[in-house]
Amino acid sequence: MTQPKLVSRCGIYCDACYVYRAFKDGGEFLDSVSKELGVPKSQIRCGGCLGPEEELWQNCRKCRVRACLKEKGFDFCYECPEFEKGCDGYESLFSSCLQRGEDTKEALKHFRIGKTEEWLKEQDKKWRCTKCKGKLSWYEKTCHHCGGSISPTK
Ligand SMILES: [Zn+2]
């Protein structure tokens, strides 16, 4: 099997998650994320939402959306009839993601029509430092690679 894509079942871009970035990038960023979360560095790891369950970040194992999809037998939220109608659980997640510059509905629309690769390419461009081209996570105000400030135009 190929490496699972770094997208979540609800449309989040896992590659820009601070847990995933801390796990992948290590160094001082891992130190700071570990301190902020109060979780030992060895436990800061994840293989993404579509990765194996045992590699999933501990908070994502408890994810309500994940449990809901499992119960209904869907892989992604767009498969669910509630999604179009407006799902309470989804709307709150959607608005909090939107605040950090992520449009998860837009993501799901891409997945639905088989444009996941195109969407991933866009996200890869979007979540990078304009100065050093390092990969960024959602809440960074300064790049954890080069220390440069990040423009809030995301
Ligand atoms: Zn940078």
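For ligands, and for the atoms within them, numbers begin at 1 and follow the listed sequence. Counting from 1, the numbers follow the sequence of the chain as shown.
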For the Zn ion (ligand 1): protein N/O/S atoms at distances below 2.8 Å | 4
Quick one: list whatever passes ring pair (Phe, Tyr, Trp, His ring centres under 6.0 Å) with Phe29, sequence neighbours left out.
-> His144
How long is the span from the CZ atom in Arg9 to the NZ atom in Lys70, to the nearest 0.5 Å?
-> 9.0 Å
Which residues pass the side chain to side chain contact (heavy atoms under 4.5 Å, CB included) test with Lys115, sequence neighbours left out?
-> His110, Ile113, Glu118
Hey, what's the ring geometry for Phe76 with Tyr78, parallel, tilted or perpendicular (30° and 60° as the breaks)?
-> parallel
Selection residues 72-84 - residue pairs positive for salt bridge (charged side-chain N to carboxylate O under 4.0 Å, His left out), sequence neighbours left out = Glu82-Lys85, Glu84-Arg112
Are side-chain N/O atoms of Glu140 and Ser137 paired as donor and acceptor at under 3.5 Å?
-> yes
